[in-house]
Amino acid sequence: MKSVFALVFFSTIAASAFAATAFFTGRMEQVQTVTYQMAWRCEYNYNGKIFWKLFKNTCPSSVEVE
């Protein structure tokens, strides 16, 4: 029973440890969504890979990626 508990416990830790952090590059632009709402398009860097995310109010300094 202890080995089953340990297996479940460590697999849970391993799954949550896989998430990493991407950091805001400072580039942002205001855009209009398909529902005609205004949003911020924010650029993030994760280990040299650049990607964009949309946010309603502001660009957070970091985001979690999986």
(message) Assess the residue pair Met38 and Gln30 against the criterion (side chain to side chain contact (heavy atoms under 4.5 Å, CB included)); give the C-alpha distance rounded to whole Å, side-chain angles, the decisive distance to 0.1 Å, and a yes or no.
(response) CA-CA 7 Å; Met38 298 307 289; Gln30 196 168 24; 3.7 Å; yes
(request) Identify the two heavy atoms, one from Trp40 and one from Lys56, that lie closest to each other, and give their separation to 0.1 Å. (result) CD1-O, 4.1 Å
(request) Provide the closest heavy-atom pair for Glu43 versus Thr25 in the form atom of the first, atom of the second, distance. (result) OE1-OG1, 2.6 Å
(message) Taking the side chain as everything from C-beta on, heavy atoms only, tell me whether Ser62 gets closer than 4.5 Å to Phe24.
(response) no
(message) Is the shortest side-chain heavy-atom distance between Tyr44 and Pro60 below 4.5 Å?
(response) yes
(request) Report yes if the side chains of Thr21 and Tyr46 come closer than 4.5 Å at any heavy-atom pair, otherwise no. (result) no
(request) Output all residues satisfying side-chain hydrogen bond (donor to acceptor under 3.5 Å, both in side chains) with Thr35, sequence neighbours left out; order by chain, then residue number. (result) Thr33
(request) With the side chain counted from C-beta on, respond yes when Val63 and Phe55 share a heavy-atom pair under 4.5 Å apart, and no when they do not. (result) yes
(request) For the pair Phe23 and Ser61, evaluate side chain to side chain contact (heavy atoms under 4.5 Å, CB included) and give the outcome as yes or no after the intermediate values. (result) CA-CA 6 Å; Phe23 296 98; Ser61 61; over 6 Å; no
(request) Starting at CD1 of Ile50, measure out to CZ of Arg27 and round the result to the nearest 0.5 Å. (result) 8.5 Å
(message) Within this structure, what is the SG-CE distance for the pair Cys59 and Met28, rounded to the nearest 0.5 Å?
(response) 4.5 Å
